[in-house]
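Quick notes on the structure that follows.
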Amino acid sequence: MRCLRADMRARKSTELSVPQFRTLAFLDRTPGASLSELAEHLGVTRATASANTERLVQRNYVERYDNPEERRRVVLNLTEEGKQHLYQTRAQTRAYITDLLSSLTAEQVAQIDEALGLLNEIFEEPLLGLSDE
C-alpha cells in the first residue's frame with residue numbers, strides 16, 4: 001500500500017487523501033450507505049466521516065441526502081463524476097501494478113497467485129466465524 005500511495009502522490013493521479021479514496025470505493029460497493037456505515041468502514045468517528053464526506057460533496061464526487069423515512073439517517077451515493085474519478089484512478093493503479101509485475105516470469109506470477117489465494121483463505125476463516133456471532 002505504501003508503494004501504491006507513493007505512486008499516486010508522485011503522479012498526482014488523485015487529489016484525494018487515502019480515506020477519501022476509500023470512501024469513494026466503499027460507496028461504489030455500497031450505494032446508499034449511511035454515514036455511520038461509512039465511519040465504521042473507515043474506522044473513524046461519525047464526525048470525521050462527515051468532514052471527509054463534506055469535502056467529497058464539495059468536489060461533486062458524492063451526493064448526500066436525508067433519508068425521507070428516517071430523518072436522522074444520511075444516505076450517501078457516488079455522483080457520475082465521483083465514479084469516473086474512482087474508475088480512472090483504479091485504472092492508473094492497475095496499470096502501475098501491471099508494469100511492476102511485467103518483469104516477472106510466469107512461474108513467479110503463479111507463485112504470487114498461489115500465495116495470495118492462501119492469504120485469502122487464512123483471512124476469510126476468522127471473518128466467517130465472526131458473522132455467526
query: Around Glu40, counting heavy atoms of other residues, nucleotides and ligands shown, do more than 12 lie under 6.0 Å from its CD?
result: no

- prompt: If you look only at pairs with a residue in residues 45-56, which of them pass as a salt bridge (charged side-chain N to carboxylate O under 4.0 Å, His left out), with sequence neighbours excluded?
  reply: Glu54-Arg64

- prompt: For Glu80, which residues count as a salt bridge (charged side-chain N to carboxylate O under 4.0 Å, His left out) partner, sequence neighbours excluded?
  reply: Lys83

message: Quick check on the hydrophobic clustering: are Val57 and Val75 connected, directly or via other members, by side-chain heavy-atom contacts under 4.5 Å?
response: no

- prompt: Taking Asn77 for the side chain and Glu63 for the main chain, is one N or O donor matched with an acceptor at less than 3.5 Å?
  reply: no

message: So does Ser34 get a backbone contact from the side chain of Glu37, meaning a donor-acceptor N/O pair under 3.5 Å?
response: yes

Solution key, residues 108-119 side-chain donor-acceptor pairs under 3.5 Å, sequence neighbours excluded:
residue : atom : partner : partner atom : Å
Gln108  : OE1  : Thr105  : N            : 2.8
Gln108  : OE1  : Thr105  : OG1          : 3.4

message: Once salt bridge (charged side-chain N to carboxylate O under 4.0 Å, His left out) is applied, what residue pairs with a partner in residues 23-32 remain, sequence neighbours excluded?
response: Asp28-Arg90

message: Looking at every heavy atom in both Leu24 and His85, which two are closest together, and how far apart are they?
response: CD1-CD2, 4.3 Å

- request: Using atom types as modelled and distance alone, determine if a side-chain donor or acceptor of Thr98 lies under 3.5 Å from a backbone N or O of Arg94.
  value: yes

Contacts of type side chain to side chain donor-acceptor pair (under 3.5 Å), residue Thr30, not counting sequence neighbours: none

query: Between the side chain of Thr79 and the main-chain N/O of Tyr61, is any donor-acceptor distance below 3.5 Å?
result: yes

field: Straight-line distance of Phe21 CZ to Leu56 CG, nearest 0.5 Å
entry: 11.5 Å

query: Quick one: CG on Asn52 to CZ on Arg22, what's the gap to the nearest 0.5 Å?
result: 10.0 Å

query: Between the side chain of Glu124 and the main-chain N/O of Glu121, is any donor-acceptor distance below 3.5 Å?
result: no

message: Ser103: which residues meet the side chain to side chain donor-acceptor pair (under 3.5 Å) condition with it, sequence neighbours left out?
response: none

field: Polar contact flag, side-chain donor to acceptor under 3.5 angstrom, Thr53-Ser50
entry: no

